[in-house]
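Structure, as structure tokens:
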Amino acid sequence: MNEQHPVIDGVPISLSPDALRLRVAHVDQANTVLTASDGDLWPSAWASDGALYAAAGDGTGFARHNWSDILVNRIDGTPDTGLVGERLADGDAVAPIWDSSRFNRKPTGMVCVNLDGKDVLFLAVQDLCCDGTADMFNEAHAATIVRSDDQGRTWTWGGNPMFSDHVFTTVMFLDLGQANGNSAWVYAFGIDGNWRTSFSKKVADPTALYLGRVRAENVQDIAAWEFYAGTATDGTPQWSSSIDHKRPVLVDERRFYPTPAFGMTAHNFTCIAQGSVVWNPGLGRYIYSTWSEYTFEFFEAPVPWGPWRHLHSHDFGHFPWHGPRSPLAKHGGYAPTIPSKFISVDGTEMWLQSNWFVPASSRGGRAYCFGLRRIRFEPGTDVEAVASGNLALDGASPVVSRVREGQESVLNDNDRTIAEDSAFGPGSGEDVWGYEWASPRRMSRVVYVPGGQDSLGGWFAEGPRVEARIDGQWHPVTGLTCEPAYPHDFTALEHDEYTFTFDTIVADGIRLIGEPGGPMRFTSIAELEVWP
């Protein structure tokens with residue numbers, strides 16, 4: 001546990017309770033580190049022996065044969081040096097199924113604690129509907145916690161589920177670092193009803209995240225658990241031994257992709273879902289990574305009980321996606337986790353694990369395995385960088401809404417012959433093309449080069465507006481002119497470039513934003529230059 005942070009109730013407390021402000025928030029468009037494994041979910045725990053222990057669902061784990069609905073694996077190495085794994089246990093040897101007539105087992109959380117000088121693993125397992133009806137994967141009615149005293153090879157559990165009646169049945173242990181940060185407490189976040197949006201509406205879509213805690217030696221004793229029941233006026237968290245008294249630490253009722261497209265019936269997703277919550281000592285923040293079918297969503301808080309604030313969203317657009325080995329690799333995934341083992345010392349670099357099942361293309365490389373992609377969350381600095389020339393070539397990180405082929409680099413590759421489109425079809429908002437920097441730049445002109453002719457779209461139906469980010473907020477620039485004047489139809493693509501000139505500003509972000517046009521509702525771009 002990082003000693004620069006004070007500790008209360010067994011967890012580190014951030015020295016900066018104000019909202020975390022990022023100048024650069026980048027998520028790779030696809031997994032870049034793959035392993036010889038098969039399965040999904042992969043909640044993990046970093047043990048004292050340096051290994052990462054991870055549970056998988058519906059696969060063969062780190063083996064080629066013998067499928068199981070649940071498996072436990074040991075993973076050694078790092079993303080930079082390479083990862084190797086070993087399958088340790090599976091099926092009935094790991095956990096029970098409380099109602100095998102309609103449900104199977106799914107791992108949702110794992111933690112490693114040190115008890116009496118020895119590592120002990122705890123794994124949260126839910127019963128998830130798997131009956132072949134419309135309710136399949138749309139109801140999680142029970143969950144329990146199993147224990148291993150021999151590094152994942154054998155497991156024990158009680159005679160009844162610890163959580164039932166759809167309450168707190170998606171259990172995600174807080175990741176405090178190696179061996180639980182040596183904390184005597186184990187914290188766990190819980191979701192009611194289902195592990196994600198319930199497409200059949202068998203249960204209510206999850207919109208609330210809850211929190212429980214227990215002494216490490218009593219993890220399997222539900223009577224020893226306490227649940228967050230609100231915060232006192234002085235900010236002190238209140239705890240209750242009754243799960244009926246639990247109160248959410250985070251509520252998010254937003255809906256993503258309200259309109260279905262391309263034959264996909266599922267839509268109107270919520271984003272409180274199975275993922276992970278990890279302590280990032282370098283940033284001094286707890287980070288909740290979650291998803292909403294087509295997007296990754298990230299939240300941050302100074303303490304586990306909040307306040308939780310939305311930090312960043314990354315939108316991958318509608319299916320179809322491209323596999324991680326495709327030249328145009330772009331895919332999201334589900335149940336995204338951030339293992340504490342792979343967080344950089346300064347906290348700005350992390351690796352996110354997620355899986356993609358439909359369609360899990362073999363030609364482009366399957367993402368249905370333990371696979372990682374890099375995340376960069378950087379607060380940056382207030383010191384203005386002195387720069388000249390095209391600022392897009394000076395440490396700029398692209399800011400986009402959703403990119404059809406995943407090639408964000410097109411914006412500043414200094415090549416006007418290669419274009420990219422936003423993801424076509426109905427989405428969740430306006431199209432964005434822009435940049436952010438780790439420190440402010442002085443700018444007064446943006447040159448937008450659209451893609452080539454396309455009768456189905458590629459232009460802005462409204463705008464585009466030019467906005468700059470100052471002190472963490474996006475503002476319209478002043479004194480804006482555009483040469484030539486921008487037409488809001490297909491003729492916009494006949495011009496080689498549009499030059500937007502505005503009053504000189506000092507900002508750490510700049511963007512074009514507006515409604516996409518054409519029958520397929522998308523915009524195109526070949527280059528975006530930014531000049532002082």
Item to complete: Mind listing the closest non-hydrogen atom pair of C112 and S48 along with its distance?
Response: SG-N, 4.5 Å
Fill in: Shortest non-hydrogen contact from W157 toward I145
CB-O, 4.3 Å
Discussion item. Could you check whether any side-chain N or O of T144 sits under 3.5 Å from a backbone N or O of P161, counting only pairs where one atom can act as donor and the other as acceptor?
Written reply: no
Response to the item:
Correct closest heavy-atom pair for A89 and R153 would be CB-O, 3.7 Å
Discussion item. Can you confirm if the NZ or CZ of K246 lies within 45° of the ring axis of Y210 and under 6.0 Å from the centre of its six-membered ring?
Written reply: yes
Worksheet item: Tell me, do M350 and F342 make a side-chain contact under 4.5 Å, heavy atoms counted?
Response: no
Worksheet entry | Polar side chain donor-acceptor pair, N280 to R285, under 3.5 angstrom | no
Practice prompt. Report yes or no: does N218 contribute a side-chain atom to a donor-acceptor pair with the main-chain N or O of A224 at less than 3.5 Å?
Written response: no
Discussion item. Between T270 and T197, do the side chains contain a donor N or O and an acceptor N or O under 3.5 Å apart?
Written reply: yes
Worksheet item: Do H475 and E467 have side-chain atoms, one donor and one acceptor, less than 3.5 Å apart?
Response: no
Practice prompt. May I ask you to decide if the ring planes of F316 and F296 are parallel, tilted or perpendicular, using 30° and 60° as cut-offs?
Written response: perpendicular
Worksheet item: For the residue pair W279 and Y286, is the inter-centroid distance of their aromatic rings smaller than 6.0 Å?
Response: yes
Worksheet item: Strictly under 6.0 Å, is that where the ring centroids of H141 and W98 end up?
Response: no
Discussion item. Run the salt bridge (Lys or Arg N to Asp or Glu O under 4.0 Å) test on D205 and R255 for me, step by step, so that the C-alpha distance in whole Å, both residues' side-chain angles and the decisive distance to 0.1 Å come before the verdict.
Written reply: CA-CA 10 Å; D205 293 336; R255 294 284 174 165; 2.7 Å; yes
Worksheet item: Any side-chain heavy-atom pair from T337 and M172 closer than 4.5 angstrom?
Response: no
Worksheet entry | Under 3.5 Å side-chain donor-acceptor pair for S276 and S289 | yes
Fill in: D315 side-chain N/O to G317 backbone N/O, donor-acceptor pair under 3.5 Å
yes
Worksheet item: If you draw the axis of the six-membered ring of W239, does the NZ or CZ of R213 fall within 45° of it and under 6.0 Å from the ring centre?
Response: yes
Item to complete: For the residue pair F227 and Q238, establish whether any side-chain heavy-atom pair is separated by less than 4.5 Å.
Response: no
Worksheet item: Should the ring pair H312 and F377 be called parallel, tilted or perpendicular, given that the plane angle runs from 0 to 90° and is split at 30 and 60?
Response: perpendicular
Worksheet item: Do H318 and Y294 make the cut of ring centroids closer than 6.0 angstrom?
Response: yes
Worksheet item: salt bridge (Lys or Arg N to Asp or Glu O under 4.0 Å) between R105 and D92: does it pass, once the steps are laid out?
Response: CA-CA 10 Å; R105 295 164 286 224; D92 292 340; 2.7 Å; yes
Worksheet entry | Validation row, ring centre Y257 to ring centre H267 under 6.0 Å | no
Discussion item. Classify the ring geometry of F370 against F62: parallel below 30°, tilted from 30° to 60°, perpendicular beyond 60°.
Written reply: tilted
Discussion item. Is it the case that atom CG in D165 sees more than 12 heavy atoms from other parts of the structure closer than 6.0 Å?
Written reply: no
Worksheet item: Are the side chains of P206 and T170 in touch, meaning some heavy atoms are under 4.5 Å apart?
Response: no
Discussion item. Between D175 and S340, is the side-chain contact (heavy atoms from CB on, under 4.5 Å) condition met? List the steps.
Written reply: CA-CA 7 Å; D175 185 349; S340 59; 2.8 Å; yes
Discussion item. Under 3.5 Å, is there a donor on one side chain and an acceptor on the other for N73 and E86?
Written reply: no
Worksheet, complete the sentence: Of all heavy-atom pairs linking F173 and A188, the shortest is CD2-CB, 3.8 Å
Practice prompt. Please assess D382 against R23 for the test salt bridge (Lys or Arg N to Asp or Glu O under 4.0 Å), listing each intermediate value before the final yes or no.
Written response: CA-CA 10 Å; D382 289 328; R23 285 189 166 82; 2.3 Å; yes
Worksheet entry | Whether E300 side chain and L311 backbone form a donor-acceptor pair below 3.5 Å | no
Worksheet item: So do the side chains of E253 and C271 get within less than 4.5 Å of each other, counting heavy atoms only?
Response: no
Response to the item:
What one should report as the nearest heavy-atom pair of R374 and T32 is N-OG1, 4.5 Å
Worksheet entry | D127/R102 under salt bridge (Lys or Arg N to Asp or Glu O under 4.0 Å): CA gap, chis, key distance, verdict | CA-CA 9 Å; D127 271 20; R102 294 186 57 235; over 6 Å; no
Item to complete: Compute the ring centroids of F163 and W225, then answer whether they are less than 6.0 Å apart.
Response: yes
Discussion item. With no hydrogens and no angle check, just 3.5 Å: does a side-chain donor-acceptor pair link N355 and Y334?
Written reply: no
Discussion item. If you define the side chain from C-beta out and look only at heavy atoms, does anything of L209 sit under 4.5 Å from P248?
Written reply: no
Practice prompt. Answer yes if the side chains of S313 and E297 hold a donor-acceptor pair under 3.5 Å, and no otherwise.
Written response: yes
Discussion item. Side chains of D346 and T348 only: does a donor on one sit below 3.5 Å from an acceptor on the other?
Written reply: yes
Worksheet item: Looking only at side chains, do S422 and D431 share a donor and an acceptor under 3.5 Å apart?
Response: yes
Worksheet item: Is it true that the NZ or CZ of R215 lies under 6.0 Å from the centre of W185's six-membered ring and within 45 degrees of the ring axis?
Response: yes
Worksheet item: Under 3.5 Å, side chain of S344 to main-chain N/O of G347, donor-acceptor pair present?
Response: yes
Item to complete: Using the six-membered ring of W474, assess whether NZ or CZ of R511 lies under 6.0 Å from its centre and within 45 degrees of the ring axis.
Response: yes
Worksheet item: Under a 4.5 Å cut-off applied to non-hydrogen side-chain atoms, are W195 and Q126 in contact?
Response: yes
Worksheet entry | Other residues, nucleotides, ligands: >12 heavy atoms within 6.0 Å of D234 CG | yes
Worksheet entry | Between S101 and D99: side-chain donor-acceptor atoms closer than 3.5 Å | yes
Worksheet item: Looking just at side-chain N and O atoms, do S37 and T35 make a donor-acceptor pair shorter than 3.5 Å?
Response: yes
Worksheet item: When the aromatic ring centroids of F256 and F269 are compared, is their separation below 6.0 Å?
Response: no
Worksheet item: Side-chain contact, heavy-atom cut-off 4.5 Å: V11 with Y187?
Response: yes
Fill in: Closest approach of A273 to W291 (non-hydrogen atoms, all atoms of both residues)
CB-NE1, 3.5 Å
Item to complete: List the steps, then state whether side chain to side chain donor-acceptor pair (under 3.5 Å) holds for R87 with N66.
Response: CA-CA 11 Å; R87 174 168 161 172; N66 299 323; 6.0 Å; no
